[in-house]
Amino acid sequence: MFVFWVWRIVIKARVVVFALFFGVWMPLGVIGASRNTSVVNVGVLFTHDSVIGRSAQPAILAAMDDVNADNSVLPGTKLNLILHDTNCSGFLGTVEALRLMEDEVVAAIGPQSSNIAHFISHIINELHIPLLSFGATDPTLTTPYYPYFVRTTQNDYFQMNAIADFIDHFGWREVIAIFVDDDNARNGISALNDALAKKRVRISYKATFSPGSPTSVINDLLVSVNLMESRVYIVHVNPDTGLSIFSIAKKLEMMNSDYVWIATDWLPSILDSFETNNPDVMNHLQGIVALRHHTPDSNLKKNFASKWNTTSFNSYALYAYDSVWLAARALHTFFQEGGNVSFSNDPKLHEINGSKLQLTSLRVFNGGEQLLETIKRTKFRGVSGLVQFGDDRNLIHPAYDIMNIGGTGMRRIGYWTNYSGLSTMTPESSYSKPLNATPNGHLYTVIWPGEATAVPRGWVFPHNGKPLQIVVPNRVSYKAFVTKDKSPLGVKGYCIDVFEAAINLLPYPVPHAYILKGDDSLDYNNLVYDVSQKRYDAAVGDIMIVTNRTKYVDFTQPFMESGLVVVTVVKEKKSSPWAFLSPFTVPMWAVTAILFVFVGAVVWILEHRSNEEFRGSPRQQIITVFWFSFSTMFFSHKENTVSTLGRSVLIIWLFVVLIINSSYTAGLTSILTVQQLTSKVEGIDSLISSTDAVGIQEGSFSLNYLIHELNIAASRIVKLKSQEEYMDALRRGPANGGVAAIVDELPYVELFLSGTNCVFRTVGQEFTKSGWGFVFPRDSPLAVDLSTAILQLSENGDLQKIHDKWLSRTECSMNLNQVDANQLSLSNFWGLFLICSITCIVALLIFFSRVAFQYQRATPEAQPEVEETQPDRTGRFGRTTSFIQFLDKKEVKKAKRKFIDINPAGQSSEGHPDELKKTKGKSIDINPASQSSECHPDELKKAKGKSIDINPAG
């Protein structure tokens with residue numbers, strides 16, 4: 001030590017003399033600041049004798065040679081790498097880091113251990129030396145507390161998200177994490193826990209062991225986890241000690257088809273480092289799924305492998321090689337931008353100069369901050385792929401290969417990227433396409449342990465001999481559903497038989513035991529809550545599936561449909577003398593009557609001008625309209641229709657009358673022959689509006705529903721325990737201390753009504769829809785399997801057989817027969833009425849169009865104007881009156897006659913006898929303009945424009 005101090009004094013004296021000689025005053029804080037940049041020192045920290053170190057060391061040395069041989073990078077400057085061995089020790093790694101800092105390095109590469117990286121990150125922060133780590137994957141290193149830490153490998157945060165996506169892809173809900181108890185593994189598993197929580201998956205147990213633990217400790221650890229429920233194991237350990245886990249698991253028969261083993265990148269790092277895989281080692285790893293850092297195939301990577309004349313290097317070797325090139329390129333840019341290598345003493349260390357640790361030999365790199373920024377913005381393509389950093393100082397575009405070990409090697413079954421998740425598409429292709437155009441969630445077939453291709457269930461019942469603890473409500477009433485029994489099971493009932501039948505359909509045994517709890521006053525909400533708190537493993541019974549309960553437990557598929565209904569006392573309804581009016585509603589009667597009159601009026605209009613039966617005095621015509629209308633109801637009308645339009649309307653109307661008569665007859669028959677019951681309570685709506693007492697089953701969820709959802713006052717609600725109390729309360733009624741109605745679940749009501757001789761009935765409709773299910777803790781895999789089993793019971797008919805065994809339906813109809821429900825309304829016939837009305841309107845339009853045309857032709861041409869013209873109003877009135885008179889006038893059909901003109905050319909009236917014979921039976925027109933001298937002029941005038949019949953015989 002004395003020699004050391006003497007040596008330091010001599011050195012300082014020489015420096016002071018040198019400074020004085022050149023006449024330059026240099027404070028002690030910056031003595032030795034300038035350095036010759038012909039050689040630049042970069043430190044390297046890693047464990048030489050390790051899986052990662054043995055691959056990384058030749059890669060680092062090869063990178064140094066390549067950099068120094070490349071004149072385009074650091075021309076005139078030699079890159080000098082100073083290697084230090086951390087010996088897999090946090091303490092020795094820190095010491096080696098301090099020694100490295102004494103060499104006045106401008107940057108450091110490594111370490112491979114995250115634990116050592118945590119220690120030395122504080123040192124490099126103080127000395128402003130960028131640290132490029134090719135092996136530290138701890139997610140917590142990427143924090144603002146370590147600004148000089150730059151990760152040149154992948155962050156375990158992304159690896160754990162990849163594992164979470166893989167687990168979610170196969171639908172497992174619980175996993176067990178096996179990891180070494182150090183900072184790196186703990187922080188990695190913490191990131192995994194967060195990633196799994198987003199997928200509603202949980203780590204059921206964390207199995208840890210100390211670094212360097214003997215095989216006996218690992219054996220005991222695996223034995224303990226094998227007794228647990230989950231069969232999905234995630235192994236996150238060091239490469240140097242991880243293989244022993246699988247060799248022990250093989251001996252414990254934990255590599256069979258029921259197991260799932262997932263390893264992080266440590267396992268591919270080992271296998272990629274072997275020249276040839278050891279068959280014994282590979283035999284222990286069959287079926288394991290592992291994640292490997294994705295490094296794309298490229299010419300650079302092939303050239304790198306050809307230099308070694310081998311492919312036995314792992315991804316860490318590639319990252320180490322690129323780390324050296326990253327430092328070289330950053331230094332090249334640093335020097336081009338005017339940076340220089342200079343160091344200064346740390347004032348904080350100078351204050352503790354009295355320490356024997358000689359901390360003052362550690363100097364601050366003055367250009368460290370500038371070099372750090374240069375490193376972060378450096379971008380190039382290396383042997384590991386694209387080297388570019390994000391704002392968090394992590395490599396962008398993280399990606400992993402999903403590897404499946406089988407035979408003598410590994411095969412790739414897919415990829416994972418932070419961009420598209422799981423996919424069979426290469427990450428380079430995924431990142432180059434839009435997100436919605438990238439197929440995700442796909443993997444190739446996995447060969448699981450035991451050479452199984454079927455996806456393992458991922459869980460079994462624990463092998464610790466403890467059966468499933470199932471809580472069952474101890475019912476005193478409604479024993480058909482569940483009750484205590486002296487059988488080995490200790491319970492019996494419909495719910496128990498369904499559960500046992502479903503359990504027997506599972507492909508694995510489920511040891512279980514029933515635990516009775518409470519009585520009829522048991523609050524089922526508390527029962528469900530106990531299951532959520534894992535005081536029991538499940539609950540079996542008449543438990544309704546409601547929304548609030550599903551928030552903290554899982555229900556199986558409903559095995560019994562249920563809902564709330566209203567039960568009340570019913571009485572037989574006395575027959576009414578006006579029962580014949582009941583088949584139709586009042587609006588239906590009114591519209592039918594109006595339509596009868598309307599159709600009769602339409603037919604009268606259409607037949608009035610051409611049918612003598614529809615003519616006569618106004619009184620006779622009105623009687624005809626009403627008689628014809630209502631006689632069609634019985635098809636007894638005697639009036640004949642002669643017009644085409646009238647017959648068309650009548651045909652449609654008779655069809656409508658036929659439908660109305662048939663419907664009326666059927667409805668009246670039903671009303672008079674079927675027993676009609678009545679009740680003061682018509683359903684839940686009338687129950688809400690009244691003030692009478694309402695009964696419920698004690699312990700039922702209907703209490704909260706009536707109070708909070710339907711706003712029924714709690715003072716109106718009466719809690720009843722048994723079927724006997726139901727009957728007594730309903731018979732007494734609200735006036736005598738009973739209840740007006742009972743609100744309960746449908747299965748209870750069916751069982752209750754089956755023994756009451758139909759004195760009580762349900763009224764109204766079922767106003768909630770739900771069902772009964774078995775209760776399990778949140779995310780229980782058994783709930784899913786039992787749901788499938790219940791569906792199978794329903795499909796094969798076994799569920800109905802169990803129902804018929806325990807529950808019998810009442811022979812009388814459950815629902816109250818209400819007359820109003822059987823009445824026919826306009827909604828049943830509006831289509832027929834619409835067709836009939838359209839037919840009538842169309843017929844009227846055609847009729848009036850034809851009459852208007854005839855009227856226009858029959859009206860004489862306009863007369864010459866007179867001196868005094870009448871007002872327009874009088875003219876319009878006259879025309880209207882004239883049209884009505886024309887409309888009322890009987891239409892005379894013209895006879896089909898042939899007219900001839902006698903003597904049109906002025907011939908004598910004495911026709912030739914042969915010509916007269918030709919005109920026999922025909923009409924001739926006498927033309928007064930060509931009168932014969934034998935005819936009297938007055939007679940000709942009277943015959944002007946008329947037709948006469950020539951009868952040659954007379």
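Quick note: residue numbers are just sequence positions, from 1.
Nearest approach of K199 to A164, heavy atoms of both residues: CG-O, 4.2 Å. Between A249 and L222, the closest heavy-atom pair is N-CD1, 3.7 Å. Minimum heavy-atom separation, A117 to L141: CB-CD1, 3.9 Å. In terms of heavy atoms, W459 sits closest to D785 at CZ2-OD2, 3.5 Å. Listed here is the closest heavy atom pair of L516 and P473: CD2-O, 4.4 Å. The minimum heavy-atom distance between G695 and V739, with the atom names listed, is N-CG1, 3.7 Å.
When atom types are taken as modelled, the side chain of N404 and the backbone of I288 share a donor-acceptor pair closer than 3.5 angstrom. Under the 3.5 Å distance criterion, the side-chain polar atoms of Q469 are matched with a main-chain donor or acceptor of P467. Side-chain N or O atoms of N187 include one that pairs as donor or acceptor with a backbone N or O of D183 at under 3.5 Å. With hydrogens and angles disregarded, no donor-acceptor distance shorter than 3.5 Å links the side chain of Q557 to the backbone of T788. In this structure, D798 contributes its side chain and L793 its backbone to no donor-acceptor pair below 3.5 Å. Distance alone, capped at 3.5 Å, is enough to place a donor-acceptor pair between the R151 side chain and the A136 backbone. With hydrogens and angles ignored, the 3.5 Å screen pairs no side-chain donor or acceptor of S702 with any backbone N or O of D744. Counting only distance, with no hydrogens or angles, the side chain of N796 and the backbone of Q792 share a donor-acceptor pair below 3.5 Å. A distance-only check finds no donor-acceptor pair linking the side chain of S190 to the backbone of R186 [under 3.5 Å].
Atom OH of Y552 is surrounded by more than 12 heavy atoms from other residues, nucleotides or ligands within 6.0 Å. Heavy atoms from other residues, nucleotides or ligands lying under 6.0 Å from OH of Y145 number 12 at most. Dense packing is recorded around CD of Q533, with more than 12 heavy atoms of other residues, nucleotides or ligands lying under 6.0 Å away. Other residues, nucleotides and ligands place more than 12 heavy atoms under 6.0 Å from the OH atom of Y508.
Note: F166 and W448 have tilted aromatic rings, judged against thresholds of 30 and 60 degrees for the angle between ring planes. A tilted orientation is assigned to the rings of W416 and Y400, their planes being inclined by 30° to 60°. Ring geometry for Y748 versus F481: interplanar angle over 60°, hence perpendicular rather than tilted (30 to 60°).
Looking only at atom types and distance, the side chain of R778 has no donor-acceptor partner in the side chain of S532 under 3.5 Å away. Side chains of D138 and H118: a donor on one and an acceptor on the other come within 3.5 Å. A donor and an acceptor atom, one from each side chain of Q800 and D804, are located under 3.5 Å apart. Neither side chain, W772 nor E561, offers a donor N or O lying under 3.5 Å from an acceptor on the other. With hydrogens and angles left out, the side-chain atoms of D156 and T137 include a donor and acceptor closer than 3.5 Å. For the residue pair D554 and S780, no side-chain donor N or O sits within less than 3.5 Å of a side-chain acceptor on the partner. When only modelled atom types and interatomic distance are considered, D194 and Y157 share no side-chain donor-acceptor pair under 3.5 Å.
To the nearest 0.5 angstrom, S477 atom OG is 10.5 Å from L720 atom CG. In this structure, CG on L291 lies 13.0 Å from OH on Y415, to the nearest 0.5 angstrom. With rounding to the nearest 0.5 angstrom, the OG1 atom of T140 is 9.0 Å from the CG atom of N155. Going from atom CZ of F752 over to atom CD of Q697 covers 11.5 Å, rounded to the nearest 0.5 Å. Remark: L710 CG to T768 OG1 distance equals 9.5 Å, nearest 0.5 Å. The line from CG of N526 to OH of Y529 is 9.5 Å long, rounded to the nearest 0.5 Å.
Residues V694 and L687 form a side-chain contact, since some pair of their non-hydrogen atoms from C-beta on lies under 4.5 Å apart. Contact check for I543 versus R549: side-chain heavy atoms found under the 4.5 Å cut-off. Taking 4.5 Å as the limit, some side-chain heavy atom of T556 sits within range of a side-chain heavy atom of I790. In this structure the side chain of L746 reaches within 4.5 angstrom of the side chain of E766, judged on heavy atoms. Using a 4.5 Å heavy-atom cutoff, the side chains of I696 and L706 are in contact. The shortest distance between side-chain heavy atoms of L267 and L285 falls below 4.5 Å. At a threshold of 4.5 Å between non-hydrogen side-chain atoms, the residues F767 and V743 count as touching. Looking at S423 and H442, their side chains never come closer than 4.5 Å, going by heavy atoms from C-beta outward.
Checked for salt-bridge contact, D258 and R457 miss the test: no charged N lies under 4.0 Å from a carboxylate O. Comment: D401 engages R412 in a salt bridge, judged by a side-chain N to carboxylate O separation of less than 4.0 angstrom.
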* To do: Begin from the C-alpha positions of Y514 and F499 and carry the test side chain to side chain contact (heavy atoms under 4.5 Å, CB included) through to its verdict.
  => CA-CA 11 Å; Y514 295 104; F499 183 78; 3.1 Å; yes
* To do: Using the side chain to side chain donor-acceptor pair (under 3.5 Å) rule, take T547 and T550 through it: C-alpha gap first, then chi angles, then the decisive distance, then the call.
  => CA-CA 5 Å; T547 303; T550 58; 5.4 Å; no
* Decide yes or no on side chain to side chain contact (heavy atoms under 4.5 Å, CB included) for I707 and I712, but give the supporting numbers first. => CA-CA 5 Å; I707 295 175; I712 295 178; 5.9 Å; no
* Could you please spell out the steps behind the side chain to side chain donor-acceptor pair (under 3.5 Å) verdict for D392 and N394? => CA-CA 5 Å; D392 57 355; N394 284 319; 3.1 Å; yes
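With sequence neighbours left out, the salt bridge (charged side-chain N to carboxylate O under 4.0 Å, His left out) criterion links D530 to K517, R535. Judged as a side-chain hydrogen bond (donor to acceptor under 3.5 Å, both in side chains), and not counting sequence neighbours, the contacts of Y524 are R475, D542.
A side chain to side chain donor-acceptor pair (under 3.5 Å) check over residues 168-179, counting only residues at least two apart or in different chains, returns the pairs E174-R202.
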Which donor-acceptor pairs under 3.5 Å do the side chains of residues 204-213 make with protein atoms, sequence neighbours left out?
{"unit_1": "S204", "atom_1": "OG", "unit_2": "V175", "atom_2": "O", "d": "3.1"}
{"unit_1": "S213", "atom_1": "OG", "unit_2": "S210", "atom_2": "N", "d": "3.1"}
{"unit_1": "S213", "atom_1": "OG", "unit_2": "S210", "atom_2": "O", "d": "2.5"}

Distance-only check: which donor-acceptor pairs under 3.5 Å involve side-chain atoms of residues 489-498, not counting sequence neighbours?
{"unit_1": "Y494", "atom_1": "OH", "unit_2": "F559", "atom_2": "O", "d": "3.2"}
{"unit_1": "D497", "atom_1": "OD2", "unit_2": "K805", "atom_2": "NZ", "d": "3.1"}
{"unit_1": "D497", "atom_1": "OD2", "unit_2": "W806", "atom_2": "NE1", "d": "2.7"}

Side-chain donor-acceptor contacts of residues 236-245 below 3.5 Å, not counting sequence neighbours, with atom names and distances?
{"unit_1": "H236", "atom_1": "ND1", "unit_2": "T264", "atom_2": "OG1", "d": "3.0"}
{"unit_1": "D240", "atom_1": "OD1", "unit_2": "V51", "atom_2": "N", "d": "3.2"}
{"unit_1": "S244", "atom_1": "OG", "unit_2": "T241", "atom_2": "O", "d": "2.9"}

